[in-house]
There are 2 protein chains.
Amino acid sequence: MVVLTDMEYRALEHLEQRERHLRRGVTLQRENDRVGEMFVLRSGRMMSSVLLDDGSRQILRIHSAGDLLAVSNLIYDNAPETITALSDCTVAPFERAALSALLVAHPRLAALILVYNQIERAALTDRLAALGRTSAKARVAAILIEMRNRARMLDKSVGDSFVLGLTQEEIGDATGLTAVHVNRMLRQLEDEGLIAREAGRVRFRDERALARSSNFVDRYEKLDLGWLPESRG
Amino acid sequence: MVVLTDMEYRALEHLEQRERHLRRGVTLQRENDRVGEMFVLRSGRMMSSVLLDDGSRQILRIHSAGDLLAVSNLIYDNAPETITALSDCTVAPFERAALSALLVAHPRLAALILVYNQIERAALTDRLAALGRTSAKARVAAILIEMRNRARMLDKSVGDSFVLGLTQEEIGDATGLTAVHVNRMLRQLEDEGLIAREAGRVRFRDERALARSSNFVDRYEKLDLGWLPESRG
DNA sequence: CGCGGGTTTGAGCCTACTCAACAGATGTGG
DNA sequence: CCACATCTGTTGAGTAGGCTCAAACCCGCG
C-alpha cells in the first residue's frame, strides 16, 4: 500500500527490536495497570476490552498482526483497557521515547501512524453505530464479515470459509449481546442459509445477503494516501 | 496544558487562516460527499453522525471549540460521517497538504495531534462500552456528565447548572435510545433527585450518585505528556 | 472415565420500543 | 393579532427483542 524507504524500514525494525511471546489467554496488560510501553503485534490475534463494574465486559477491538497495541499508554499512566491474547502471539514492546524520536526523524512515518489512527477510528465508529442502532442479527453478521476480511488481509487464500477463532461468549462481549443470544442469532443465520458452520469454521453461503443485513463497510478499502509527505531517506 | 512556542503557534495560526460561519442546523458535510478539507472548530458546537439504511441515526461525537473535525477526510475521499452544527459555529478549513507540511515542520505538533487522537479514541471506546453494556439510565446520565464537563472546559465558571443544548431526540441518537425513552429516563433521574430541569437547563443535584450510576471517566484528566519531543523553534 | 469449557435449547421475564395522542413553544404568513 | 404549521417534550398502553436462569450436550483432555 505504501512503500517504505530503507531508512524508514530500519527505523521500524529498530523499534521492534525486542520480542515477547504470549500464550492464548494471557493478558498483556490489565485495566488501570501502571504502564508505559506500547507494542507492535507481530503475529497472532489479541483483543482489547474493558470491564464494567457490574462485571460485564465489552470488547473494544480485535487486533491482528501489524497492529499497534496500547497506543493510549502514550498519554495515560494507567491503562484504560485490558489487552489479552486470543491466540498464541508475539509482540514487540517499545517505549514512548522511541515513538517520540521516530516522529521527529521520520515525518512520513508519523503521517502513517495518523493514517492508522483514522482507520481505527472509522472502525470504532462503525461498531458504535452498530451497537446503538442495529439488531442483534445484524451485529453478529457484521462481526463475521469483519473477521473474515481480517483473516483475508493476512492470507489472501482465505475465501468463503475461515476459522473464526472466537467463542460465542467473546462474540457477545464484542457485540454487546449475551452468549446465549449470539448462539440463537448464529442458528438463525444458518437456518436462513446465509452461513454454514462446520467444526470451528464458518462458511459464507450468501455473502451478499449477509452484507446487506449488516451495514458492513470495509474501512481498509479506498484509502487515498497521495498527500503523504516526502520521505527523508 | 502544553505551552506552544511562537513558531508552533504561528504554524497553527497559518493553518486556520480562512474562516467559515455556520448557522445552527447547517450540515458542513454529508456522508459520502466527495471531500478533501479538514476543519478546526473555532467556536460553537457541532456533531458528527451516520445514517443507517433503516433511516435511524447514530451520533458519533459531539465537538466543541478547539476540536479537529473531519480528520478522517485525510484518508477517505468520500466522507464517512455527516457533520452538522448544533449551534451557530465558526470553522477554519484546511487542506491535507497543509497538515502534511505541518507534520514535517513541527514534529511536536504532530505528537500533539497523536495525543488528541488518543483522547478521542478513549472517549469513543467509553461510549462503545456504554452502548454495549450499560442501561438506558446509565447512558443518559453519562451524556449529561460529559456535556457538563465539556461546557466547563470552555468556561470555568460552569458549575452544577448548565445549558444542555441537545434535544431529547439528539440525546437518543447519541445514546442509542429513542427520544421517548430518553424522556422517561430524564424524568426518572429527576424523580430520584439526581438532577433538576429548569427551562432548557439541567442542574446536578447529586453529582456523586449520577457519576456512580454511569461509569463515567473523564478522559481529559491525568494526561502524561512528559515524553513529547523537543520543539524546533 | 470424569472434568471443564464451550454450545445448544427451552421457558419466562423485563427493558426499551412502537404507536398514539396531546401540550407548549416558536415561528410564519395573512 | 390571529390562525396554522412545526418542532419539542410528555404520557399512556401494548409489544417484542434480547435477557436470565436452567438443564443438557458435546468434545477434547488429563
Side-chain angles (χ1 to χ4, degrees), chain A residues 23-26 52 54-59 84-87 130-144 163-192 195-202 213-214, chain B residues 23-26 52 54-59 84-87 130-144 163-192 195-202 213-214:
Chain A
R23 289 273 179 68
R24 149 143 189 123
V26 168
L52 307 218
D54 65 349
S56 63
R57 177 177 69 168
Q58 175 68 45
I59 294 179
T84 317
L86 283 170
S87 68
L131 291 203
R133 290 300 189 205
T134 74
S135 70
K137 193 162 74 170
R139 295 184 222 169
V140 171
I143 200 175
L144 291 181
V163 177
L164 185 49
L166 295 174
T167 66
Q168 294 180 1
E169 172 117 39
E170 285 159 351
I171 297 175
D173 286 344
T175 53
L177 302 169
T178 57
V180 171
H181 203 57
V182 167
N183 184 291
R184 289 195 233 269
M185 292 303 103
L186 287 172
R187 158 150 306 289
Q188 204 173 316
L189 289 172
E190 190 169 30
D191 290 348
E192 291 170 0
I195 64 171
R197 290 180 293 164
E198 33 207 28
R201 301 179 72 87
V202 173
S213 77
S214 77
Chain B
R23 290 273 178 68
R24 151 147 186 118
V26 169
L52 306 218
D54 65 350
S56 63
R57 178 176 67 168
Q58 175 68 45
I59 294 180
T84 317
L86 283 170
S87 67
L131 292 202
R133 291 301 190 204
T134 74
S135 69
K137 193 162 76 170
R139 294 184 224 169
V140 172
I143 201 175
L144 292 181
V163 178
L164 185 50
L166 295 174
T167 66
Q168 294 180 0
E169 173 117 36
E170 285 160 350
I171 298 176
D173 286 344
T175 53
L177 302 169
T178 57
V180 172
H181 204 57
V182 167
N183 183 293
R184 290 194 233 269
M185 293 300 103
L186 286 171
R187 158 150 308 290
Q188 204 174 316
L189 290 172
E190 191 169 32
D191 289 348
E192 291 169 0
I195 65 171
R197 288 180 295 163
E198 33 207 28
R201 302 180 70 85
V202 173
S213 78
S214 77

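Sequence lines set the chain letters: A, B, ... in the order given, protein chains first and strands last, and positions in each chain run from 1.
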* Mind checking Arg184(B) for me? I need base, sugar-phosphate or nothing, with any heavy atom below 4.0 Å counting as a touch. => base
* Side chains of Thr178(A) and Asn183(A): does their closest heavy-atom pair fall under 4.5 Å? -> no
* Nearest nucleotide by nearest heavy atom, which residue falls closer to the 5' end of DNA chain C, Glu169(A) or Arg133(A)? -> Glu169(A)
* Asked: Checking Arg133(A) side chain against Leu177(B) main chain: does a donor-acceptor pair fall under 3.5 Å?
  -> yes
* Structure fact -> From the candidates dC19(D), dA16(C), dT8(C), the one with an atom nearest any side-chain atom of Asn183(A) is dT8(C)
* **Minimum side-chain heavy-atom gap Thr84(B)-Val26(B) below 4.5 Å** => no
* Asked: Tell me, do Gln168(A) and Arg184(A) make a side-chain contact under 4.5 Å, heavy atoms counted?
  -> no
* **Candidate nucleotides dA16(C), dG6(C), dT11(D), ranked by approach to the side chain of Thr167(A) - the nearest** => dG6(C)
* Asked: Base, sugar-phosphate, or nothing for Arg139(B), non-hydrogen atoms under 4.0 angstrom?
  -> nothing
* Inter-residue atom distance Glu169(B).CD - Arg57(B).CZ, 0.5 Å rounding -> 6.5 Å
* To do: Looking only at side-chain atoms of His181(B), point me to the closest of dC19(D), dG12(D), dC17(C).
  => dC17(C)
* **Terminal helix-axis angle for the helix from dC1(C)-dG30(D) to dG30(C)-dC1(D), with five pairs defining each axis and rounding to 10 degrees** => 30°
* Asked: With sugar-phosphate meaning primed atoms plus P, OP1 and OP2, does Gly172(B) contact a base, only sugar-phosphate, or nothing at under 4.0 Å between heavy atoms?
  -> nothing
* Side-chain heavy atoms of Thr167(A) within contact of Glu170(A), under 4.5 Å -> yes
* To do: Identify which nucleotide among dT7(C), dT20(D), dC17(C) has an atom closest to any side-chain atom of Thr178(A), counting heavy atoms from C-beta outward.
  => dT20(D)
* To do: Assign Gly200(B) to base, sugar-phosphate, or nothing according to its heavy-atom contacts below 4.0 angstrom with the strands shown.
  => nothing
